[in-house]
Amino acid sequence: MIKIITDSTASVTKEYAAQHDIAIVPLKINIGEREFYEGTPDTYQEFYDAMLSSREFPKTTQPSTQAYMDAFQKIVDAGDEAIVFCIGSYLSGSYNGACLALKEVEGGSDCITVVDSQCCGQTTLMLIEDAVADIEKGLSREEIVANIQKNIKGAEICFCPDNLEYLRRGGRLGKISAMLGTILKIKPLLSFKENTLKCVHKVIGIAKAIPLMIARIPETARKIYALSAVNSKYFSLLLEKVKERFPNREILTGEICPVVSSHVGPAVGVSWVE
């Protein structure tokens with residue numbers, strides 16, 4: 001039997017994980033002396049509250065090698081196979097850690113494939129959902145992994161922070177640039193696709209940022225998510241505009257995971273897979 005293992009950044013719900021027997025390996029976040037293990041979407045609020053009330057900047061940590069080894073050993077012992085999804089290696093060492101752990105488990109490389117999703121959050125979740133569908137069709141592990149690699153090319157998340165403070169505090173934006181951006185109300189649109197994080201637009205005001213973000217969604221998108229991080233006050237506006245553009249499509253909603261939210265703060269985003 002082919003099983004799915006993923007790190008927690010994929011935002012797999014507790015119910016979906018139980019339904020499809022998906023093992024979730026959590027990343028860790030520290031805020032000062034407080035320690036959080038990133039859970040499933042229904043558990044994010046406790047972290048958000050701590051993040052917004054603290055002057056300390058969150059520090060994220062990839063899963064331990066032992067956590068991956070434990071998950072892999074269960075697969076080997078049961079005589080199963082597994083496909084492991086990791087957050088894009090540009091953002092975290094989770095993928096490299098999983099690869100190292102696999103080498104430590106005797107027989108693991110014969111039955112387990114570790115995949116660098118090259119994306120994060122709900123984009124990874126959509127790749128997982130496609131893999132689950134392929135498992136149910138009876139495809140081999142090699143066939144499923146080949147399909148994942150094709151799907152990765154059409155997976156993207158685009159998001160816009162409410163403010164620039166968290167990007168500044170995380171060292172991704174200089175103090176002067178953050179200050180000028182705040183004064184001028186400049187909003188960067190950030191895209192993460194195929195392990196490449198880039199600013200695709202800089203606009204003045206969220207009213208202009210959201211339509212440009214939505215315009216990036218191709219008509220060929222199979223699934224579309226409207227996303228919020230840390231209770232962004234702009235989420236209802238984003239959702240309204242996405243539904244206006246795609247009036248006959250189901251628009252899924254979700255929360256950007258705490259690990260990613262730690263670096264961008266409150267934000268809105270969209271993700272899709274072509």
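- Contact of the Val25 side chain with the Ile5 side chain is registered, since non-hydrogen atoms from C-beta on lie closer than 4.5 Å.
- Two different hydrophobic clusters hold Phe47 and Tyr37 under the rule that ILVMFWY side chains link at heavy-atom gaps under 4.5 Å.
- Side-chain contact check for Val105 versus Ile75: every heavy-atom pair is 4.5 Å or farther apart.
- Using a 4.5 Å cut-off between side-chain heavy atoms of Ile, Leu, Val, Met, Phe, Trp and Tyr, with links allowed through other members, Ile22 and Val114 fall into different hydrophobic clusters.
- Looking at Tyr225 and Ser11, their side chains never come closer than 4.5 Å, going by heavy atoms from C-beta outward.
- With hydrogens and angles disregarded, no donor-acceptor distance shorter than 3.5 Å links the side chain of Arg216 to the backbone of Val200.
- Taking a cutoff of 4.0 Å between a charged side-chain nitrogen and a carboxylate oxygen, Asp162 and Lys233 do not qualify as a salt bridge.
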Does the pair Asp49 and Gln45 meet the rule for a side chain to side chain donor-acceptor pair (under 3.5 Å), with working shown?
CA-CA 6 Å; Asp49 291 342; Gln45 191 60 49; 2.8 Å; yes
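- Of the possible polar contacts, none joining the Gln118 side chain to the Ile152 backbone as a donor-acceptor pair under 3.5 Å is found.
- A salt bridge does not link Arg249 to Glu219: none of the charged nitrogens lies less than 4.0 Å from a carboxylate oxygen.
- Listed by chain and residue number, Ser117 satisfy the side-chain hydrogen bond (donor to acceptor under 3.5 Å, both in side chains) test with Thr124 (two or more places apart in sequence, or in another chain).
- Taking every heavy atom of both residues into account, Ser262 and Met51 meet most closely at CA-CE, 4.0 Å.
- Residues Lys3 and Ile135 are not in side-chain contact: their nearest non-hydrogen atoms beyond the backbone lie 4.5 Å or more apart.
- Side chain of Ser8 to main chain of Leu27: a donor-acceptor pair is present (N/O by atom type, distance under 3.5 Å, no hydrogens or angles).
- For Tyr95, there are no side-chain hydrogen bond (donor to acceptor under 3.5 Å, both in side chains) partners at least two apart in sequence or on another chain.
- Taking CD1 from Ile4 and CD from Glu81, the interatomic distance works out to 11.0 Å, rounded to the nearest 0.5 Å.
- Heavy atoms only, all atoms of each residue included: Trp272 and Ala221 are closest at CB-CB, 4.0 Å.
- For Asp42, the side chain to side chain contact (heavy atoms under 4.5 Å, CB included) criterion is met by Lys14, Thr40, not counting sequence neighbours.
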Applying side-chain contact (heavy atoms from CB on, under 4.5 Å) to Phe192 and Val260, what does each step give before you reach the verdict?
CA-CA 11 Å; Phe192 189 57; Val260 175; over 6 Å; no
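- Ser232 contributes no side-chain N or O that, together with a main-chain N or O of Ser228, makes up a donor-acceptor pair within less than 3.5 Å.
- Nearest approach of Cys111 to Gly107, heavy atoms of both residues: SG-O, 3.7 Å.
- Interatomic distance, Ser109 OG to Leu102 CG, rounded to the nearest 0.5 Å: 4.0 Å.
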Do Arg222 and Asp130 pass the side-chain contact (heavy atoms from CB on, under 4.5 Å) test, and can you show the C-alpha distance, the side-chain angles, and the key distance before you say yes or no?
CA-CA 11 Å; Arg222 290 187 287 113; Asp130 286 340; 2.8 Å; yes
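- The side-chain heavy atoms of Ser271 and Leu227, taken from C-beta on, include a pair separated by under 4.5 Å.
- Between Val259 and Leu91, the closest side-chain pair of non-hydrogen atoms is not below 4.5 Å.
- Sparse packing is recorded around CD of Glu46, with 12 or fewer heavy atoms of other residues, nucleotides or ligands lying under 6.0 Å away.
- Residue Ile206 is grouped with residue Phe235 when hydrophobic side chains (ILVMFWY) are merged at heavy-atom distances under 4.5 angstrom, including chains of intermediate members.
- Heavy atoms from other residues, nucleotides or ligands lying under 6.0 Å from OH of Tyr90 number 12 at most.
- Glu255 approaches Pro41 most closely through the heavy-atom pair OE1-O, 3.3 Å.
- How far CD of Glu35 is from CD1 of Ile29: 10.5 Å, rounded to the nearest 0.5 Å.
- Contacts classified as side-chain hydrogen bond (donor to acceptor under 3.5 Å, both in side chains) and involving residues 190-208 (residues at least two apart or in different chains) are given here: Ser89-Asn195, Asp116-Asn195, Glu156-Ser191.
- Of all heavy-atom pairs between Gly265 and Ala229, the closest is O-CB, 3.8 Å.
- Side-chain contact check for Phe72 versus Val84: some heavy-atom pair is nearer than 4.5 Å.
- Hydrophobic cluster membership is shared by Ile87 and Ile256, with clusters built from Ile, Leu, Val, Met, Phe, Trp and Tyr side chains linked at under 4.5 angstrom.
- Across every non-hydrogen atom of Val273 and Thr123, the tightest pair is CG2-O, 4.3 Å.
- Of the charged side-chain nitrogens involved, none lies within less than 4.0 Å of a carboxylate oxygen, so that Arg34 and Glu56 do not count as a salt-bridged pair.
- A donor-acceptor pair shorter than 3.5 Å can be found between the side chains of Gln66 and Asp70.
- Scanning for side-chain hydrogen bond (donor to acceptor under 3.5 Å, both in side chains) contacts around Glu250 gives an empty result, with sequence neighbours left out.
- Atom CD1 in Ile144 sits 5.5 Å away from atom CG in Asp134 (nearest 0.5 Å).
- To the nearest 0.5 Å, atom CD of residue Gln73 and atom CD of residue Glu106 are 8.5 Å apart.
- In the hydrophobic clustering of this structure, Leu252 groups with Leu127; members are Ile, Leu, Val, Met, Phe, Trp, Tyr whose side-chain heavy atoms approach within less than 4.5 Å, directly or through other members.
- The distance from the OG atom of Ser94 to the CG atom of Asp7 is 4.0 Å, given to the nearest 0.5 Å.
- Atom CD of Gln19 has more than 12 neighbouring heavy atoms from other residues, nucleotides or ligands inside a 6.0 Å radius.
- When the side-chain hydrogen bond (donor to acceptor under 3.5 Å, both in side chains) test is applied to Thr113, the partners found at least two apart in sequence or on another chain are Arg141.
- Taking 4.5 Å as the limit, some side-chain heavy atom of Glu244 sits within range of a side-chain heavy atom of Glu240.
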